[in-house]
Amino acid sequence: MDYLRNFFVNLARSWTAWIGGFLPDWGVNLVNYLVVGIILVLMPVIATLTLTWMERKVIGRIQNRIGPNRVGPWGIFQAFADAVKMLIKEDIVPSGADKPVFNLAPILIAGAAALLWAVVPFGRGMIGQNLNIGALYVVAVGSITTIAVIMAGWSSNNKFALLGAFRVVAQLLSYEIPMVLSIATVVLVTGTMRMGDIVERQVAPFIVVLPVAFITYLLAAAAETGRAPFDLLEADSEIVAGYFVEYSGLKFGWFYIAEYGNLFAIAAITTTLFLGGWRGPFVSVAPALGPFYFVIKSVAVIFVLMWIRGTWPRFRIDQMLAFAWKVLVPASLANLLWSAIVLQIGRQPEQLGPTIVQMILLLVGNVAILAVTGLLLGRAARRYAAQHGWAGA
Amino acid sequence: MQQAIFIILALLTLGAALMTVITRNLLRAALWLVATFFGIAAIFILLRAEFLAVAQILVYVGAISTLIIFAIMLSRGIMDPDQVRFNGQWGVVGGFAALLFVVLAVIVTRVPWPAAAGGAPVGDAPADAIARLGAAFVGPYAIPFEVASVLLVVAMIGAIIIARERE
């Protein structure tokens with residue numbers, strides 16, 4: 001029972017003790033680094049195999065279908081069947097494509113998706129690297145995707161692919177700003193960029209302290225990963241499949257893996273930053289519960305993102321950029337400013353995390369920002385409707 | 001060990017930089033430039049300057065090279081391999097490049113670096129290095145920091161005015 005209570009740490013200890021029996025110290029380190037690295041690199045693949053099934057089921061239920069149901073019970077092996085199909089497809093390189101760049105793009109995009117997992121804390125002490133710049137690392141690694149998408153779009157020698165790549169820059173660069181601002185608010189409130197410490201100092205989940213930052217981050221992250229309703233990069237009805245239209249077989253599979261790896265990663269980062277990560281009841285008694293809470297919270301976030309995808313129509317590109325610059329950026333800037341003021345008011349030296357009074361003040365400010373944003377949006381919508389002579393506005 | 005890794009990284013970075021200059025295909029040159037940025041970020045990590053490494057990737061790989069690629073994609077005829085490689089201003093540009101090299105070489109060789117003199121041990125960055133960097137930006141270096149921001153705003157407004165359609 002005691003072993004189970006801290007199962008993962010004890011497992012790691014026994015494993016290290018076992019291989020330490022016949023390996024020198026540097027060998028143990030090397031093997032452990034390799035094992036952790038392989039687990040983290042496999043995360044996008046695991047995410048793809050499980051989340052594609054979940055997504056098709058969820059979207060199916062939303063659209064009053066039952067989704068995949070042929071391969072295995074409830075169709076749970078559908079993803080494996082699709083993976084085999086993808087593996088045996090012919091690999092096609094379009095004529096006139098820039099071959100090295102064309103081949104490099106899927107590797108880069110999947111690599112960026114795998115790198116994100118290095119700083120995700122699954123439980124206390126269960127983190128690839130508790131980097132002192134963790135939060136910034138998340139943003140930086142996410143920005144590598146932009147380059148990979150441009151490489152794919154340009155090297156395909158296809159006008160739809162190039163159009164998709166053109167949209168990427170407008171979208172990804174615009175939504176990076178509200179995303180960074182909302183992460184910066186969390187960093188400001190906790191006073192650390194280490195992802196592990198952000199969870200440690202999150203006495204109350206920040207979703208109830210900083211709802212504006214949470215909403216901004218979730219929307220910006222959905223846009224960053226090109227999820228519907230922000231899927232203009234691959235808008236099927238407009239530009240076929242966007243930047244990866246020319247890819248087939250396993251190279252297409254890498255884009256797929258990157259997409260679902262990123263989906264799981266942003267859900268994990270949302271959990272870390274705003275939902276208290278691995279915190280939950282009885283975690284202090286049995287730390288092994290931490291990863292379970294973490295996964296449950298992440299899957300809840302993923303479900304919300306799928307729900308959004310299933311119920312919202314796609315934005316137009318101008319609406320989307322206007323939404324980023326005129327709504328998300330001002331709201332998150334106001335939030336950042338308010339957080340800085342509140343934290344400066346009753347600041348004690350060597351304080352870790354916000355006090356109760358500060359949290360209440362932060363929440364009041366956030367609710368005010370949400371109310372003002374909603375009011376302005378409603379007024380703009382009424383004005384727009386009046387201009388177009390729409391009834392019932 | 002660290003020496004060997006540094007030499008490998010330096011060779012990779014310099015090789016990518018060289019390819020940036022000698023590639024005929026401009027877009028490939030931009031991608032080689034991205035590889036150079038990655039190499040520089042890796043050297044920063046080797047020197048325990050994680051913040052600089054991540055900032056390097058965020059700013060240069062994520063934003064600046066994207067803009068460079070866009071400028072290339074949106075310029076007509078620039079990707080044509082028959083395009084002449086030099087225009088009338090190559091002498092001026094070459095002169096400035098040489099001047100920059102001389103200035104950098106003088107700075108690198110003349111400044112008494114504490115690490116080179118065996119002062120501060122290399123690879124032992126203080127644990128709160130980032131907090132100290134942040135405090136320095138809003139403390140003693142606030143004015144240079146703000147001047148750089150003003151410069152960026154000026155450049156941005158200038159670009160908008162040049163690119164704007166004439167009424």
Side-chain angles (χ1 to χ4, degrees), chain A residues 26 98-102 104-105 108 111-112 115 118-119 129-155 157 159 162-163 165-174 176-177 179-180 183-184 187-188 191-194 197 224 340, chain B residues 1 16 19 23-38 40-42 44-45 48-75 78-79 81 125-135 137-138 156 160:
Chain A
W26 63 267
D98 192 336
K99 213 173 166 196
V101 181
F102 186 80
L104 208 56
L108 196 61
L115 277 176
V119 294
Q129 269 294 336
N130 199 4
L131 284 180
N132 54 0
I133 36 144
L136 195 65
Y137 173 90
V138 168
V139 182
V141 168
S143 73
I144 297 176
T145 309
T146 324
I147 268 300
V149 169
I150 292 179
M151 282 166 68
W154 174 75
S155 65
N157 194 26
K159 59 175 78 107
L162 194 58
L163 275 176
F166 277 144
R167 288 179 172 194
V168 168
V169 171
Q171 177 171 332
L172 297 194
L173 291 187
S174 309
E176 213 158 73
I177 294 161
M179 190 165 122
V180 172
I183 293 179
V187 169
L188 200 67
T192 178
M193 284 203 273
R194 288 177 196 271
D197 297 5
E224 283 280 304
Chain B
M1 186 68 180
M19 288 303 290
T23 312
R24 298 251 24 191
N25 186 328
L26 249 177
L27 214 130
R28 286 240 188 122
L31 293 176
W32 278 114
L33 188 65
V34 173
T36 317
F37 290 148
F38 272 117
I40 292 170
F44 277 139
I45 288 176
R48 304 276 171 94
E50 290 97 349
F51 178 78
L52 286 181
V54 170
Q56 171 88 14
I57 288 180
L58 180 61
V59 174
Y60 286 92
V61 177
I64 292 194
S65 49
T66 314
L67 290 181
I68 290 176
I69 289 175
F70 254 68
I72 294 170
M73 282 198 208
L74 294 175
S75 311
I78 201 169
M79 300 277 292
D128 61 339
I130 290 152
R132 277 165 54 177
L133 187 71
F137 265 137
V138 290
M156 213 151 60
I160 291 170

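Labels below follow one simple rule: chain letters A, B, ... track the order of the sequence lines, proteins then strands, and each chain is numbered from 1.
- The 12-atom threshold is exceeded at CZ of A:Phe102, counting heavy atoms of other residues, nucleotides or ligands nearer than 6.0 Å.
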| request: With side-chain contact (heavy atoms from CB on, under 4.5 Å) as the test, would you mind laying out the steps for A:Ile147 and B:Ser65 before giving the verdict? | output: CA-CA 8 Å; A:Ile147 268 300; B:Ser65 49; 3.6 Å; yes
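- Both the backbone and the side chain of B:Val61 come within less than 4.5 Å of a heavy atom in chain A.
- For B:Leu31, the part lying near chain A is the side chain, with the backbone staying farther off; criterion is any non-hydrogen pair under 4.5 Å.
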| field | CA sep, side-chain torsions, deciding dist, call: A:Trp154, B:Ile69, side-chain contact (heavy atoms from CB on, under 4.5 Å) | value | CA-CA 10 Å; A:Trp154 174 75; B:Ile69 289 175; over 6 Å; no
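- Using a 4.5 Å cut-off between heavy atoms, A:Val139 contacts chain B through both its backbone and its side chain.
- No part of A:Leu104 comes within reach of chain B, as not one of its non-hydrogen atoms sits under 4.5 angstrom from that chain.
- Here the CD1 atom belonging to A:Ile133 is positioned 11.5 Å from the CG atom belonging to B:Leu133, to the nearest 0.5 angstrom.
- Rounded to the nearest 0.5 Å, atoms OG1 (B:Thr66) and CD1 (A:Ile150) are 4.5 Å apart.
- When all heavy atoms are compared, the tightest approach of A:Ser143 to B:Gly62 is OG-CA, 3.5 Å.
- When side chains are defined from C-beta on, B:Ile57 does not count as touching A:Val141, because their heavy atoms never get closer than 4.5 Å.
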